[in-house]
There are 2 protein chains.
Amino acid sequence: MNIQQILEERGAKVTSQRVALARIMFSRPQHLSADALMDLALQAGVRVSKATVYNTLNLFAECGIVREVNVDGKKIYYDSTITPHHHLYNVDTGELTDLPTDAVSLTDMPKLPEGTEAVGVDLIVKIRERRG
Amino acid sequence: MNIQQILEERGAKVTSQRVALARIMFSRPQHLSADALMDLALQAGVRVSKATVYNTLNLFAECGIVREVNVDGKKIYYDSTITPHHHLYNVDTGELTDLPTDAVSLTDMPKLPEGTEAVGVDLIVKIRERRG
DNA sequence: TTAATTGCAAACATTTTGCAGGTTC
DNA sequence: GAACCTGCAAAATGTTTGCAATTAA
């Protein structure tokens with residue numbers, strides 16, 4: 001994945017912050033909040049502001065190179081993996097992990113309202129530590 | 001559904017605010033944010049504060065009589081229907097509607113990590129107005 | 001009577017915005 | 001050099017909290 005090329009195709013400028021944030025984001029499969037990405041960037045010696053982190057994540061999402069995951073209604077997580085898959089969310093630990101699509105059989109799409117089209121399907125299996 | 005009884009069973013007090021908010025919430029199947037519920041309450045002449053609306057919705061969720069729906073990472077919606085079902089979310093209009101479970105075939109549960117148990121499954125089909 | 005609940009305002013957390021200065025093409 | 005981007009601080013949301021006054025049991 002060439003972030004430079006993706007930005008150019010979109011008519012967006014190739015700035016050092018965008019390249020640096022992309023390098024961190026796509027270094028491995030992960031789920032990062034804006035805050036967490038900012039921390040990783042600062043730790044890596046990348047000088048970047050909060051506003052730019054938010055702007056950049058929104059830009060990446062619009063470009064379709066990250067996927068937003070809403071799991072707790074509080075903060076947005078950005079998933080560096082965009083191939084179709086589901087999520088496992090541990091409500092006790094806050095841990096968010098991927099679930100291959102074949103782990104759940106989701107066969108057919110429902111009939112959608114007139115004049116609408118599907119954008120995507122988000123499936124989150126919520127788990128917790130076993131009690132008792 | 002007897003809200004009075006549910007509160008008593010939980011050892012929570014039966015207050016006029018809780019009863020009034022429950023009456024509005026469960027008057028029909030709907031998806032309400034805290035803000036929207038507060039507006040409906042005020043319109044209905046119920047004197048209630050923002051803090052109490054939030055407290056009450058959290059209480060109802062803990063009692064399992066409403067279901068939280070996280071759809072946009074910004075605000076939490078509370079669903080007055082708790083029988084298993086999925087959701088259709090129109091990203092253009094913000095409209096959130098129910099989808100019967102049989103509209104999508106979700107056959108088997110994935111293997112869960114050791115020591116965890118499923119709390120629930122949230123499936124949201126995101127749609128938009130058709131383009132072009 | 002007492003323990004829980006309410007309301008208010010202030011605190012909090014996350015995300016967005018306005019604008020001056022800096023950078024990319 | 002023109003348009004875009006960044007950083008900062010302030011604003012905008014949505015939600016929670018602290019505490020005095022009120023209410024249910």
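Reminder, nothing fancy here: chain letters follow the sequence lines and each chain counts from 1. Here the structure is a predicted model, which is why all the values come from computation and not from measurement.
Phosphate contact (OP1/OP2 of C/dT16, side-chain N/O of A/Tyr54, threshold under 4.0 Å): absent. Contact between the side-chain N/O atoms of B/Arg10 and the OP1/OP2 oxygens of C/dA4 is not found at any separation under 4.0 Å. Phosphate contact (OP1/OP2 of C/dA9, side-chain N/O of B/Lys50, threshold under 4.0 Å): absent. For C/dT23, the OP1/OP2 oxygens have no side-chain nitrogen or oxygen of A/Arg47 closer than 4.0 Å.
Applying the side chain to side chain contact (heavy atoms under 4.5 Å, CB included) test between B/Val69 and each of B/Asp122, B/Leu96, B/Ile76 identifies B/Leu96 as the sole match. The only member of A/Asp98, A/Leu123, A/Thr97, A/Ile124 that meets side chain to side chain contact (heavy atoms under 4.5 Å, CB included) when paired with A/His86 is A/Leu123. For the side chain to side chain contact (heavy atoms under 4.5 Å, CB included) test with A/Tyr77, the passing option among A/Val66, A/Val71, A/Leu32, A/Asn70 is A/Val71; the others fail.
The CD1-C1' distance, from A/Ile76 to D/dT15, rounds to 15 Å in whole Å. Computed from coordinates, the B/Tyr77 OH to D/dT13 P distance equals 14 Å when rounded to whole Å. In this entry the distance linking CG of B/Asp72 with P of C/dT14 reads 16 Å, nearest Å. The distance between atom CD of A/Glu9 and atom C1' of C/dC25, rounded to the nearest whole Å, is 17 Å. Computed from coordinates, the A/Glu8 CD to C/dT24 C1' distance equals 11 Å when rounded to whole Å. Following rounding to the nearest Å, B/Phe60 (CZ) and C/dT5 (C1') show an atom-to-atom distance of 13 Å. The distance between atom CG of A/Leu7 and atom P of C/dT23, rounded to the nearest whole Å, is 18 Å. Summarising the geometry, the separation between CG on A/Leu59 and C1' on C/dT24 is reported as 15 Å, rounded to the nearest angstrom.
Summarising the local packing, CZ of B/Arg10 is surrounded by more than 12 heavy atoms from other residues, nucleotides or ligands at distances under 6.0 Å.
A heavy-atom distance below 4.0 Å to DNA chain D is reached by these residues of residues 11-31 of chain B, ordered by number: B/Lys13, B/Val14.
Of the candidate nucleotides C/dT6, D/dT16, D/dC8, C/dT6 has the atom nearest to the side chain of B/Thr52. Side chain of B/Asn55, nearest nucleotide from D/dT16, D/dT17, D/dT6: D/dT17.
Residue A/Asn58 is classed as a sugar-phosphate contact, given heavy-atom separations below 4.0 Å to backbone atoms only.
A/Phe26 and A/Phe60 have tilted rings, their planes meeting at an angle from 30° to 60° on a 0 to 90° scale.
Side-chain atoms of B/Arg18 and B/Thr52, non-hydrogen and from C-beta on, never get closer than 4.5 Å to each other.
Salt bridge B/Lys126/B/Asp92: absent, no basic N to carboxylate O contact under 4.0 Å.
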